[in-house]
Q: 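Quick one: the structure is below, questions incoming.
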2 protein chains.
Amino acid sequence: MIGDAITDGTTEETETCCTPLEDVDSDAMATDLQVLTAMGNDTRYELLRRISNADDGVCVCDLEAAVGVSQSAVSQALSRLYTAGLVTRRKEGSWRYYEPTETTAALLETLDDLRGSHE
Amino acid sequence: MIGDAITDGTTEETETCCTPLEDVDSDAMATDLQVLTAMGNDTRYELLRRISNADDGVCVCDLEAAVGVSQSAVSQALSRLYTAGLVTRRKEGSWRYYEPTETTAALLETLDDLRGSHE
DNA sequence: CTCTTGTATAAGCTACTGCTAATATGATAG
DNA sequence: CTATCATATTAGCAGTAGCTTATACAAGAG
């Protein structure tokens with residue numbers, strides 16, 4: 001209802017205080033938000049950091065001990081990171097090894113750089 | 001109870017399936033999480049994108065119309081972005097103009113690059 | 001001063017997030 | 001086969017996030 005053309009006798013226009021804005025690409029937004037919300041949680045962030053610090057993949061059992069939540073919580077967190085494209089996983093015997101993706105590497109590096117640049 | 005040293009006659013050791021992990025810097029973690037959780041929300045992400053698309057600052061009134069939530073919600077969102085160091089704000093008359101910080105620019109650019117690199 | 005416009009803050013409510021405990025699946029050993 | 005270990009899934013609950021409405025504050029116009 002708001003935003004319809006003004007058809008009555010007034011001379012006033014719908015005046016905005018500055019300029020209208022471009023729209024935001026909603027596909028990009030959905031993708032980015034999935035990544036950001038996946039990283040934006042203590043447990044998952046710490047898991048990502050630990051996975052990234054290791055050289056050749058980390059198995060769930062080690063992560064579990066490190067982050068201080070239940071095995072179930074770690075598994076759920078890792079699934080979410082996987083769905084968001086932040087880690088890959090491979091099976092080896094009965095263990096599962098997780099490794100960071102390029103997305104994770106790039107974002108953590110950007111975050112590191114940003115912290116480094118404030119003197 | 002689990003994790004106590006094995007003091008009975010068995011020769012087995014507390015065997016972990018792979019290697020212990022480095023710790024995560026907790027200051028870095030706190031800073032990064034503030035940024036990630038601030039960006040990781042539909043409203044705030046869209047606000048950031050719109051603020052970044054504009055050239056010389058955006059005032060609250062325009063943003064309000066664009067993102068489809070109440071004026072109050074926009075104000076709260078912008079406050080949080082400001083606290084997280086993702087936008088600057090300046091007053092001009094009775095309007096307040098918001099502009100992206102370097103952090104915002106760098107992260108959005110990284111996200112754009114990452115989306116671009118999957119063919 | 002009052003009135004209006006732009007923005008911020010407060011209070012309250014709903015919905016979702018992330019955990020735990022319990023259970024299921026899957027692989028290996030015996 | 002059964003037993004055990006590593007991981008995943010389900011169910012349910014507590015805490016918090018993010019919205020709306022209402023109200024307060026700040027600045028300019030008259």
Q: Is the shortest side-chain N to carboxylate O distance from B/R115 to A/D27 below 4.0 Å?
A: no
Q: Please test A/S72 against A/Q76 for side-chain hydrogen bond (donor to acceptor under 3.5 Å, both in side chains), starting from the C-alpha separation and ending with a verdict.
A: CA-CA 6 Å; A/S72 174; A/Q76 291 174 57; 2.9 Å; yes
Q: Given atom CD of B/E92 and atom P of C/dT7, what is their separation to the nearest angstrom?
A: 12 Å
Q: What residue among B/T37, B/L86, B/N41 forms side chain to side chain contact (heavy atoms under 4.5 Å, CB included) with B/R80?
A: B/T37
Q: Atom CG of B/L36 to atom C1' of D/dA17: distance rounded to whole Å?
A: 16 Å
Q: Need one value for B/T37: base, sugar-phosphate or nothing, where a base atom within 4.0 Å counts as base even if backbone is also close, heavy atoms only.
A: nothing
Q: When the distance from CG of B/L78 to C1' of C/dT9 is rounded to whole Å, what number comes out?
A: 14 Å
Q: Measure the distance from CG on B/L47 to C1' on D/dC19 and round it to the nearest whole Å.
A: 14 Å
Q: Do any side-chain nitrogens or oxygens of A/R44 fall under 4.0 Å of OP1 or OP2 in C/dG18?
A: yes
Q: Measure the distance from CZ on A/R80 to P on C/dC16 and round it to the nearest whole Å.
A: 13 Å
Q: With the side chain of B/S70 defined as its heavy atoms from C-beta on, choose the nearest nucleotide among D/dT7, D/dT20, C/dA27.
A: D/dT20
Q: Looking at B/N41, I'd like to know whether one of its side-chain N or O atoms comes within less than 4.0 Å of OP1 or OP2 on D/dA17.
A: no
Q: Separation of A/R89 atom CZ from D/dA6 atom C1', in whole Å?
A: 14 Å
Q: Any heavy-atom pair between the side chains of A/D32 and B/M39 that's under 4.5 Å?
A: no
Q: Kindly indicate whether the side chain of A/Q71 and the base of D/dA6 share any N or O donor-acceptor pair separated by less than 3.5 Å?
A: no
Q: At less than 4.0 Å, is any side-chain N or O atom of B/R96 found next to OP1 or OP2 of D/dA26? Yes or no.
A: no
Q: I need the single residue from A/Y82, A/Y97, A/Y98 that forms a side chain to side chain donor-acceptor pair (under 3.5 Å) with A/R89. Which is it?
A: A/Y98
Q: Does a nitrogen or oxygen in the side chain of A/S72 sit under 4.0 Å from OP1 or OP2 of C/dA22?
A: no
Q: Check if the side chain of A/Q76 and the base of C/dT20 share a donor-acceptor pair of N or O atoms closer than 3.5 Å.
A: yes
Q: Is any side-chain N or O of A/S75 closer than 4.0 Å to OP1 or OP2 of D/dA8?
A: yes
Q: Specify the residue among A/A77 and B/E64 whose closest nucleotide of DNA chain C lies further upstream toward the 5′ end.
A: B/E64
Q: Atom CE of A/M39 and atom C1' of C/dT17: how far apart are they, to the nearest Å?
A: 18 Å
Q: Starting from the 5' end of DNA chain D, give me the residue, A/S94 or A/A73, whose nearest nucleotide shows up first.
A: A/S94
Q: Would you mind reading off the distance between A/W95 atom CH2 and C/dA27 atom P, rounded to a whole angstrom?
A: 14 Å
Q: Hey, does B/Y98 reach any base, or is it just sugar-phosphate, or nothing, if we go heavy atoms under 4.0 Å?
A: sugar-phosphate
